[in-house]
Novice: 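Handing you this structure, nothing more for now.
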Amino acid sequence: MSGRRRRRGGRAVTAALLALTAGGCTGGPSLENQGEITAPPGDSRRLTIGSAGFTESDLLAQMYALLLEQAGYRTKILSVTNREIYEPALESGQIDVVPEYAATFADWLNAKVNGPDAPTVGSPDLATTMAALRTLATPRGLTVLDPGKAVDQNAFAVARGYARKHRLRTLSDLGAAKLPVRLAAGDECVRRPYCAPGLRKTYGIDVTGVDPKGVGTTQAKQAVQGGQVQMVLTTTTDATLDDFGLVLLTDDKHLQNADHIVPVVNRSRAGGAGVTRALGALNRVLTTADLASLNEQVDSWRRLPEDVASSYLRSRGLLR
């Protein structure tokens with residue numbers, strides 16, 4: 001998945017790249033070619049939580065920190081925007097917990113292990129995706145906790161008036177309408193199977209071209225709003241669609257992979273029952289709609305991620 005919003009949380013600690021590449025504390029196995037993991041899972045009482053530096057990741061990291069602190073852990077948040085850096089840090093124990101996206105992370109690990117041209121292992125089926133992800137993560141000293149209800153995956157939006165005029169509610173409706181569609185997206189959309197090629201193959205949508213304005217950017221949404229393009233690639237937790245008069249079309253044939261929110265932990269430091277129990281409480285209540293609303297409070301209302309996270313947890317009875 002790409003194009004996620006970029007807003008830093010006030011509590012996040014900016015990571016210097018040198019600090020994460022020059023060694024430091026190590027709690028997990030070596031980064032490559034680990035053998036079978038046989039040691040019992042660890043339960044360090046001081047945990048570093050990684051954030052990928054955009055709004056949603058900041059919010060999830062803040063909620064993880066609050067829940068873990070309530071469970072008796074001491075935490076700090078480290079913001080590292082590059083997965084190529086934070087994933088090895090997670091393996092080595094410099095970062096202990098990271099919120100991730102199931103299919104995206106499975107495909108990323110698969111490419112790391114088997115090369116950039118390896119076939120994707122993510123799937124629209126959550127069970128298939130989770131099995132592939134855990135198979136790839138476990139030998140690297142990582143434990144993938146159970147996925148939550150919330151899903152942040154690629155989605156496609158059109159102008160509300162356009163949808164009303166052509167009676168569009170799903171991507172199948174758009175394909176059946178035989179309308180020429182110019183799509184605002186990232187430039188990689190022209191070749192990715194879940195973007196323009198998939199829209200053509202799965203839904204029969206007449207994608208006439210891709211306008212490279214980015215994934216869910218203001219510029220891309222304004223292009224749909226103004227009629228320069230007919231559709232925009234965004235995400236299911238995009239909090240600003242209403243601001244531009246846009247609506248999502250349902251992915252009724254499940255073109256997109258199962259990008260459920262999953263906590264990933266360093267097994268030797270945070271693989272114990274205490275962390276699993278604390279983070280599992282959030283997974284049982286947080287929905288896609290909840291996450292979109294939380295994103296909106298930060299991105300549109302300009303509230304601090306830590307305040308939004310705390311308010312949400314209290315409203316759900318998860319924080320005393």
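In this text, all values refer to a predicted model and were calculated from it rather than measured experimentally.
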Novice: Taking the side chain as everything from C-beta on, heavy atoms only, tell me whether L68 gets closer than 4.5 Å to I49.
Specialist: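 SC-SC contact between L68 and I49 confirmed.
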
Novice: Are R134 and D146 ion-paired here, with the side-chain N under 4.0 Å from a carboxylate O?
Specialist: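 Looking at D146 together with R134, the answer is yes, because their closest N to O distance falls below 4.0 Å.
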
Novice: Quick one, L313 and L67 - any side-chain contact, counting heavy atoms below 4.5 Å?
Specialist: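 Result yes, sub-4.5 Å side-chain heavy-atom pair found.
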
Novice: Apply side-chain hydrogen bond (donor to acceptor under 3.5 Å, both in side chains) to the pair Y194 and N154, showing each step before the final yes or no.
Specialist: CA-CA 8 Å; Y194 311 117; N154 288 342; over 6 Å; no

Novice: Would you say V98 and E87 make side-chain contact, with heavy atoms under 4.5 Å?
Specialist: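 Of all side-chain heavy-atom pairs linking E87 with V98, none is under 4.5 Å.
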
Novice: T104 side chain to E100 main-chain N or O, any donor-acceptor pair under 3.5 Å?
Specialist: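 No, because the side chain of T104 does not come within donor-acceptor range (under 3.5 Å) of the backbone of E100.
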
Novice: To check you understand the geometry: which heavy-atom pair defines the closest contact between L286 and Y312, and what is its length?
Specialist: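 For L286 and Y312, the tightest heavy-atom pair comes out as CA-OH, 3.4 Å.
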
Novice: Walk me through it: do K253 and L171 pass the test side chain to side chain contact (heavy atoms under 4.5 Å, CB included)?
Specialist: CA-CA 8 Å; K253 293 184 179 178; L171 289 171; over 6 Å; no

Novice: Could you tell me which residues satisfy side-chain hydrogen bond (donor to acceptor under 3.5 Å, both in side chains) with D251, sequence neighbours excluded, listed by chain and number?
Specialist: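 side-chain hydrogen bond (donor to acceptor under 3.5 Å, both in side chains) check on D251 returns Y203.
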
Novice: What heavy-atom pair brings L59 and P305 nearest, and what distance separates the two atoms?
Specialist: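 Smallest interatomic distance, heavy atoms only, reads CD2-O, 3.6 Å.
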
Novice: Restricting to side-chain hydrogen bond (donor to acceptor under 3.5 Å, both in side chains), what partner residues turn up for S123, sequence neighbours left out?
Specialist: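 Residues passing side-chain hydrogen bond (donor to acceptor under 3.5 Å, both in side chains) with S123: none at all.
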
Novice: Going by atom types only, do Q94 and S92 share a side-chain donor-acceptor pair under 3.5 Å?
Specialist: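 Looking only at side-chain atoms, S92 and Q94 do form a donor-acceptor pair, the distance falling under 3.5 Å.
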
Novice: Within the structure provided, determine whether V298 and L304 are in side-chain contact (heavy-atom separation under 4.5 Å).
Specialist: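 Sidechains of L304 and V298: no contact.
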
Novice: Does any donor atom in the side chain of E69 or Y64 lie under 3.5 Å from an acceptor atom in the other side chain?
Specialist: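 Per modelled atom types, E69 and Y64 side chains form no pair under 3.5 Å.
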
Novice: Are N295 and D299 close enough that a side-chain donor and a side-chain acceptor fall under 3.5 Å?
Specialist: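 On atom types as modelled, these side chains do not qualify, holding no pair under 3.5 Å.
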
Novice: Are L199 and T202 side-chain neighbours, meaning at least one heavy-atom pair lies under 4.5 Å?
Specialist: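 With C-beta onward as the side chain, the pair stays apart.
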
Novice: Surrounding CZ of R314 (heavy atoms of other residues, nucleotides or ligands, distance under 6.0 Å), is the total greater than 12?
Specialist: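 Yes, enclosed.
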
Novice: Check E84 with K112, please: is the shortest side-chain N to carboxylate O separation under 4.0 Å?
Specialist: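 Judged by the 4.0 Å cut-off on N to carboxylate O distance, K112 and E84 do not form a salt bridge.
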
Novice: Salt-bridge test for R316 and D290: reply yes if a basic N is under 4.0 Å from a carboxylate O, no otherwise.
Specialist: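 Judged by the 4.0 Å cut-off on N to carboxylate O distance, R316 and D290 do form a salt bridge.
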
Novice: If you take all heavy atoms of K221 and T234, which pair is closest and at what distance?
Specialist: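 For K221 versus T234, the nearest heavy atoms are CE-OG1, 4.4 Å.
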
Novice: Do R277 and D43 pass the salt bridge (Lys or Arg N to Asp or Glu O under 4.0 Å) test, and can you show the C-alpha distance, the side-chain angles, and the key distance before you say yes or no?
Specialist: CA-CA 12 Å; R277 186 165 48 247; D43 191 31; over 6 Å; no

Novice: Under a 4.5 Å cut-off applied to non-hydrogen side-chain atoms, are K149 and T288 in contact?
Specialist: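 No; the side chains remain at least 4.5 Å from each other.
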
Novice: Can you measure from CG (L183) to SG (C189) and round to the nearest 0.5 angstrom?
Specialist: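 Separation between the atoms: 4.5 Å.
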
Novice: Between Q230 and P180, which heavy-atom pair has the shortest distance, and what is it?
Specialist: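 Heavy-atom minimum between the residues: OE1-O, 3.8 Å.
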
Novice: Apply side chain to side chain contact (heavy atoms under 4.5 Å, CB included) to the pair V264 and F105, showing each step before the final yes or no.
Specialist: CA-CA 10 Å; V264 182; F105 196 44; 4.0 Å; yes

Novice: Of the non-hydrogen atoms in A258 and Q153, which two are nearest, and what is the gap between them?
Specialist: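 The pair with the smallest heavy-atom distance is CA-OE1, 4.1 Å.
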
Novice: Does S57 use its side chain to pair, donor to acceptor, with the backbone of A52 at less than 3.5 Å?
Specialist: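 Here the side-chain-to-backbone pair exists.
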
Novice: Evaluate side chain to side chain contact (heavy atoms under 4.5 Å, CB included) for M130 paired with V262, printing each intermediate quantity in order.
Specialist: CA-CA 9 Å; M130 289 298 297; V262 288; 3.9 Å; yes

Novice: Is it true that the side chains of T208 and D206 contain a donor and an acceptor less than 3.5 Å apart?
Specialist: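 There is no such pair (donor and acceptor under 3.5 Å, judged by atom type) between the side chains of T208 and D206.
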
Novice: To the nearest 0.5 Å, how far apart are CD1 in I261 and OG1 in T237?
Specialist: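 Nearest 0.5 Å value for the CD1-OG1 distance: 7.0 Å.
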
Novice: Go through it in stages, so that I can follow the logic: the residues are D107 and T120, the test is side-chain hydrogen bond (donor to acceptor under 3.5 Å, both in side chains), and I'd like the CA-CA distance, side-chain angles, deciding distance and then a yes or no.
Specialist: CA-CA 6 Å; D107 284 336; T120 61; 4.6 Å; no

Novice: Between V151 and L255, is there a shared hydrophobic cluster once you connect ILVMFWY residues whose side-chain heavy atoms come closer than 4.5 Å?
Specialist: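 No; L255 is not reachable from V151 via cluster members.
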
Novice: Between V80 and S51, does the side chain to side chain contact (heavy atoms under 4.5 Å, CB included) criterion hold? Intermediate values first, please.
Specialist: CA-CA 6 Å; V80 187; S51 165; over 6 Å; no

Novice: Is the shortest heavy-atom distance from the side chain of L319 to the side chain of Q70 under 4.5 Å?
Specialist: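 Yes. Closest side-chain heavy atoms under 4.5 Å.
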
Novice: Around R74, counting heavy atoms of other residues, nucleotides and ligands shown, do more than 12 lie under 6.0 Å from its CZ?
Specialist: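 No, the 6.0 Å shell around CZ holds no more than 12 heavy atoms from other groups.
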
Novice: If only atom types and distance count, is the side chain of N257 paired as donor or acceptor with the main-chain N or O of D259 below 3.5 Å?
Specialist: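 Between the backbone of D259 and the side chain of N257 there is no qualifying donor-acceptor contact (under 3.5 Å).
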
Novice: Between M231 and V190, is there a shared hydrophobic cluster once you connect ILVMFWY residues whose side-chain heavy atoms come closer than 4.5 Å?
Specialist: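 Different clusters.
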
Novice: Please report the interatomic distance CG(D152) to OG1(T235), rounded to the nearest 0.5 Å.
Specialist: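 The distance works out to 4.5 Å.
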
Novice: Any chance you could measure S172, atom OG, to I205, atom CD1, to the nearest 0.5 Å?
Specialist: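 The distance works out to 8.0 Å.
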
Novice: Does one hydrophobic cluster hold both V207 and V215, with members joined at side-chain heavy-atom distances below 4.5 Å?
Specialist: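 Yes, V207 and V215 fall within the same hydrophobic cluster.
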
Novice: Would you give the length of the straight line joining atom CG of L248 to atom OG1 of T236, rounded to the nearest 0.5 angstrom?
Specialist: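 It comes to 7.5 Å.
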
Novice: Quick check: do P263 and N283 have side-chain heavy atoms less than 4.5 Å from each other?
Specialist: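 Yes, their side chains come closer than 4.5 Å.
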
Novice: For salt bridge (Lys or Arg N to Asp or Glu O under 4.0 Å), just list the numbers for R160 and D242, CA-CA rounded to whole Å, side-chain angles, deciding distance to a tenth of an Å, and then say yes or no.
Specialist: CA-CA 9 Å; R160 186 175 288 107; D242 282 345; 3.1 Å; yes

Novice: I need the minimum non-hydrogen distance between G53 and D58, along with the two atoms involved.
Specialist: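 For G53 versus D58, the nearest heavy atoms are CA-OD1, 3.8 Å.
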
Novice: Cluster question for you: counting only ILVMFWY and a side-chain heavy-atom cut-off of under 4.5 Å, with indirect links fine, are V97 and L282 together?
Specialist: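 Same cluster.
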
Novice: I need the L233 CG to F156 CZ distance, nearest 0.5 Å.
Specialist: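 Atom-to-atom, L233:CG and F156:CZ are 5.0 Å apart.
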
Novice: Is any NZ, NE, NH1 or NH2 atom of the basic residue among D96 and R46 found under 4.0 Å from an Asp or Glu carboxylate oxygen of the other?
Specialist: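 Here D96 does not pair with R46 in a salt bridge, since their nearest N and O are not under 4.0 Å apart.
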
Novice: Is there a chain of hydrophobic side chains (I, L, V, M, F, W, Y, each step under 4.5 Å between heavy atoms) that links V181 to L246?
Specialist: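 No.
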
Novice: With a 3.5 Å distance limit and no angle check, can you tell me whether T170 reaches the backbone of D173 through a side-chain donor-acceptor pair?
Specialist: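 Yes: the side chain of T170 pairs with the backbone of D173.
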
Novice: Tell me, with the steps shown, if Y86 and E91 meet side-chain hydrogen bond (donor to acceptor under 3.5 Å, both in side chains).
Specialist: CA-CA 9 Å; Y86 76 66; E91 290 187 24; over 6 Å; no

Novice: For L47, is there any backbone N or O sitting under 3.5 Å from a side-chain donor or acceptor partner on S44?
Specialist: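 Checked: no pair found.
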
Novice: Exactly one of R303, Q297, E306 should register a side chain to side chain donor-acceptor pair (under 3.5 Å) with S311. Which one does?
Specialist: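 It is R303, the one option of R303, Q297, E306 that forms the side chain to side chain donor-acceptor pair (under 3.5 Å) with S311.
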
